[in-house]
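Remarks on the structure that follows.
Indexing begins at 1, ligand by ligand and atom by atom, following the structure's order. Every heavy atom of this structure was used, including side-chain atoms; hydrogens, water molecules and symmetry mates were not.
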Amino acid sequence: MRQPLAITAGEPAGIGPDLCLQLVSHEHPLVVIADRSLLLQRATQLGIAIQLHDYSAAAPLKPGSLNVLHVPLAQPVQAGKLDPSNSPYVLETLRRAVRGCLAGEFSGMVTAPVHKGIINDAGIPFTGHTEFLAELTETPLVVMMLIGMVRHAPVHRTPSATGIADSGTAEFMLRVALATTHLPLREVADAITAPLLEDVLRILQRDLQRRFGIARPRILVAGLNPHAGEDGHLGHEEIEVMIPVLDRLRAEGYNVSAPLPADTLFAVHRLRECDAVLAMYHDQGLPVLKHASFGEGVNITLGMPIIRTSVDHGTALELAGSGKADVGSMLEAIKVAAEMVQHERA
Ligand SMILES: NC(=O)C1=CN([C@@H]2O[C@H](COP(=O)(O)OP(=O)(O)OC[C@H]3O[C@@H](n4cnc5c(N)ncnc54)[C@H](O)[C@@H]3O)[C@@H](O)[C@H]2O)C=CC1
Ligand SMILES: NCC(=O)COP(=O)(O)O
C-alpha cells in the first residue's frame, strides 16, 4: 500500500485551506492536517460542496472525501485576517506531519504557505519551514532548492562555442539550490564558509542522486560577488573560500563549475546544460526561478531524513476565500513529492 502524503494547510487566514479543498479527488492518497471547522467554513465561503472524513492511521482513507487529520485552531478565522493566537496551531500541524513522516505513517509532507511574520509576532522566533523542519528532524544542515519548468525562454540565436542550436524557444527543468536560506543580506558573505559550501554541495549531489535519479549531477555554482569577484578586484570570497572547495570536490569526481558570474550564469544556454544551479543566497537564485515558473514551481528541502516539498508562493492573504487562488504549484509539489518517494524506493 502507498503511504499517504501529509498536506499541512499552513496559515489559516491565507490561501492554504482554499488549496487543500481542491485536493479531494487527487489520485495520490493524501491526508490534510488542519482544523476541520476551518475547512468547512472556507468551503462554505467558496461555495464548494465537500465531504470531510476524519483520518485515523488505523483505518483506510475514504475516496471521494477529503481525509482530514484534525488539529484544533485556538481562535476562529476570518479569511485574510492574521491572528497571532493561531500561530501555535500552524506549528503543531507541522510537528504532526513530521512525526508521521519519521514514523513511516506518511511517505512525505507537502506544505501550504505559512506567514513568517505573524508567527514571530506571536513571540515564536521563526524564519521558515526549512529551518523549522531541520530542527524538528534534528538535521544539522538542510538545503533549500526550488524547481520549475522554463518554457519558451529566449535562446541565444547565434550558434557559438556552446553549440547552442538556433532555436527561438527552450523547455527544461530548472533547479536552483541555495547555499544560505533566510538570512539578512548583510550576514550572507560571512556565512559562506568553506565547510558550509562543501556540506551544501555534498547534500545537493547526494539528494539529486537518490531522490531525483540523476547519476552525476552537473552543478553550476554562482559566485558571491559581481562578475564572480573579477579575479579578486570585486571581492575575495571566490578566490579564498569557493575555488579551493570546488577544486577539491572536482578532484573527488563532482561535476561542479568554478564560481560563475551570476548574471550570465542564468542565461538559458547555460541553464539548459546543467542539472542544478547553486546560488549563494535567497534573492540571487529565486527571482530567476520565480520569473520563469511562478505558480507551478516547487520548493524542496534537501538533506532531511524525510521528504518535504512545498508551494513556490506565499499566503496571498488578499486571495483567501475569493476562489482566485491557483492550485498549480500545490499540485506540482504533490507530484514532485510522490516522484521523490518513488526514486528513493527504486
Ligand atoms: N512556503 C512558505 O511558507 C512561504 C511563505 N511565504 C510567506 O507568505 C507571506 C506573503 O508573502 P508575499 O511575498 O506577499 O508572497 P505571495 O506569494 O503571498 O504573494 C505574491 C503575489 O502572488 C500572488 N499569489 C501568490 N500565490 C498565489 C496563488 N496560489 N494563486 C494566485 N496568485 C497568487 C499574490 O496575490 C501576490 O500578488 C509572507 O509572510 C511570506 O513569508 C512566502 C513564500 C513561501
Ligand atoms: N521563498 C521561498 C521561501 O521562503 C520558502 O520558505 P520555507 O517556509 O519553505 O522555508
Side-chain angles (χ1 to χ4, degrees), residues 7-23 33-34 42 46 79-84 86-87 90-91 93-94 97-98 108-122 124-137 139 141-148 175-185 279 281-304 306-334 336-337:
I7 314 290
T8 55
E11 164 53 45
I15 58 173
D18 310 40
L19 302 179
C20 291
L21 290 168
Q22 297 182 56
L23 302 176
I33 305 183
R42 194 63 59 84
L46 291 166
K81 197 163 183 319
L82 293 168
D83 181 345
N86 281 325
S87 293
V90 171
L91 300 185
T93 62
L94 297 174
V98 168
M109 61 188 284
V110 180
T111 60
V114 300
H115 195 284
K116 298 164 172 75
I118 199 70
I119 298 174
N120 283 281
D121 291 347
I124 308 166
F126 181 88
T127 50
H129 285 96
T130 307
E131 300 82 356
F132 187 66
L133 299 179
E135 198 183 310
L136 290 183
T137 57
T139 313
L141 182 68
V142 297
V143 175
M144 188 191 292
M145 180 171 83
L146 273 81
I147 69 174
R175 302 180 187 87
V176 179
L178 306 179
T180 56
T181 54
H182 296 113
L183 203 60
L185 194 50
Y281 55 93
H282 189 278
D283 286 1
Q284 183 183 53
L286 299 192
V288 179
L289 190 118
K290 294 196 181 187
H291 175 72
S293 66
F294 191 60
E296 52 180 26
V298 179
N299 176 5
I300 303 159
T301 311
L302 305 178
M304 289 199 296
I306 64 172
I307 287 171
R308 179 261 173 162
T309 67
S310 186
V311 292
D312 67 356
H313 54 78
T315 49
L317 294 172
E318 69 283 6
L319 300 184
S322 72
K324 292 183 186 156
D326 183 346
V327 74
S329 175
M330 173 59 90
L331 295 178
E332 280 301 311
I334 293 169
V336 170

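A perpendicular orientation is assigned to the rings of H313 and F294, their planes being inclined by more than 60° (bins at 30° and 60°).
Contacts between I15 and ligand 1 below 4.0 angstrom, taking non-hydrogen atoms only, involve the side chain exclusively. Contact annotation for S310 and ligand 1: only side-chain heavy atoms (C-beta onward) come within less than 4.0 Å of the ligand.
When atom types are taken as modelled, the side chain of R42 and the backbone of G16 share no donor-acceptor pair closer than 3.5 angstrom. Although no hydrogens or angles enter the test, the distance criterion places a donor-acceptor pair under 3.5 Å between the side chain of S310 and the main chain of T111. N299 contributes no side-chain N or O that, together with a main-chain N or O of D312, makes up a donor-acceptor pair within less than 3.5 Å.
Distance remark: protein heavy atom not present below 4.0 angstrom from atom 20 (C) of ligand 1. Inside a 4.0 Å radius of atom 8 (O) of ligand 1 there is at least one protein heavy atom. Note that atom 12 (P) of ligand 1 has no protein non-hydrogen atoms nearby, at separations under 4.0 angstrom.
Short contacts between ligand 1 and A325, defined as distances under 4.0 Å to a heavy atom of the residue, involve ligand atoms 30 (N). Close contacts of ligand 1 with L319, meaning ligand atoms under 4.0 Å from a residue heavy atom, involve 31 (C), 32 (N), 33 (C), 35 (O).
Heavy atoms only, all atoms of each residue included: A325 and L19 are closest at CB-CD2, 4.0 Å. V110 and A333 get closest at one heavy-atom pair: CG1-CB, 3.7 Å. Scanning both residues, I7 and C20, for their nearest heavy atoms gives CG2-SG, 4.0 Å. Shown here for I119 and F126, the closest heavy-atom pair between the two residues is CG2-CB, 3.6 Å. A pairwise comparison of heavy atoms in G128 and K116 identifies CA-CE, 3.6 Å as the closest pair.
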Problem set entry | From CA spacing to verdict: side chain to side chain contact (heavy atoms under 4.5 Å, CB included), L21, L46 | CA-CA 10 Å; L21 290 168; L46 291 166; 4.0 Å; yes
For this session: Step by step, work out the side chain to side chain contact (heavy atoms under 4.5 Å, CB included) result for V142 and L133.
Result: CA-CA 9 Å; V142 297; L133 299 179; over 6 Å; no
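Any N or O atom pair closer than 3.5 Å counts here, and N299 shares no such pair with ligand 1. Close N/O approach between V311 and ligand 1 is not found [any backbone or side-chain N/O within under 3.5 Å].
Here the OH atom belonging to Y281 is positioned 6.0 Å from the CG atom belonging to L185, to the nearest 0.5 angstrom.
For E135, the CD atom sits in a loose shell: 12 or fewer heavy atoms of surrounding residues, nucleotides or ligands are nearer than 6.0 Å.
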Between ligand 2 and the protein, give all atom pairs where both partners are nitrogen or oxygen and the distance is under 3.5 Å, as lines of names plus distance to 0.1 Å.
{"from": "ligand 2", "atom 1": "1 (N)", "to": "H282", "atom 2": "NE2", "distance (Å)": "3.0"}
{"from": "ligand 2", "atom 1": "1 (N)", "to": "K290", "atom 2": "NZ", "distance (Å)": "3.4"}
{"from": "ligand 2", "atom 1": "4 (O)", "to": "H182", "atom 2": "NE2", "distance (Å)": "2.7"}
{"from": "ligand 2", "atom 1": "6 (O)", "to": "K116", "atom 2": "NZ", "distance (Å)": "3.4"}
{"from": "ligand 2", "atom 1": "6 (O)", "to": "H182", "atom 2": "NE2", "distance (Å)": "3.4"}
{"from": "ligand 2", "atom 1": "8 (O)", "to": "K116", "atom 2": "NZ", "distance (Å)": "3.1"}
{"from": "ligand 2", "atom 1": "8 (O)", "to": "H129", "atom 2": "N", "distance (Å)": "2.9"}
{"from": "ligand 2", "atom 1": "8 (O)", "to": "H129", "atom 2": "ND1", "distance (Å)": "2.8"}
{"from": "ligand 2", "atom 1": "9 (O)", "to": "N299", "atom 2": "ND2", "distance (Å)": "2.9"}
{"from": "ligand 2", "atom 1": "9 (O)", "to": "R308", "atom 2": "NH1", "distance (Å)": "3.1"}
{"from": "ligand 2", "atom 1": "9 (O)", "to": "R308", "atom 2": "NH2", "distance (Å)": "2.9"}
{"from": "ligand 2", "atom 1": "10 (O)", "to": "H129", "atom 2": "N", "distance (Å)": "3.1"}
{"from": "ligand 2", "atom 1": "10 (O)", "to": "T130", "atom 2": "N", "distance (Å)": "2.8"}
{"from": "ligand 2", "atom 1": "10 (O)", "to": "T130", "atom 2": "OG1", "distance (Å)": "2.5"}

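The nearest heavy-atom contact from the protein to atom 22 (O) of ligand 1 is F294 CE2, 3.5 Å. Summary of contacts: the protein heavy atom closest to atom 37 (O) of ligand 1 is E318 OE2, 3.7 Å. The nearest heavy-atom contact from the protein to atom 44 (C) of ligand 1 is H313 O, 3.3 Å. The protein heavy-atom contact nearest to atom 10 (C) of ligand 1 is T315 OG1, 3.6 Å. If you check which protein heavy atom lies closest to atom 41 (O) of ligand 1, you get K116 CD, 3.2 Å.
Taking only non-hydrogen atoms, the option from A112, G314, G128, A316 nearest to atom 43 (C) of ligand 1 is G314. Across D326, T127, T8, heavy-atom proximity to atom 29 (N) of ligand 1 is greatest for D326.
Side-chain contact between M144 and L286 is present, with at least one heavy-atom pair separated by less than 4.5 Å.
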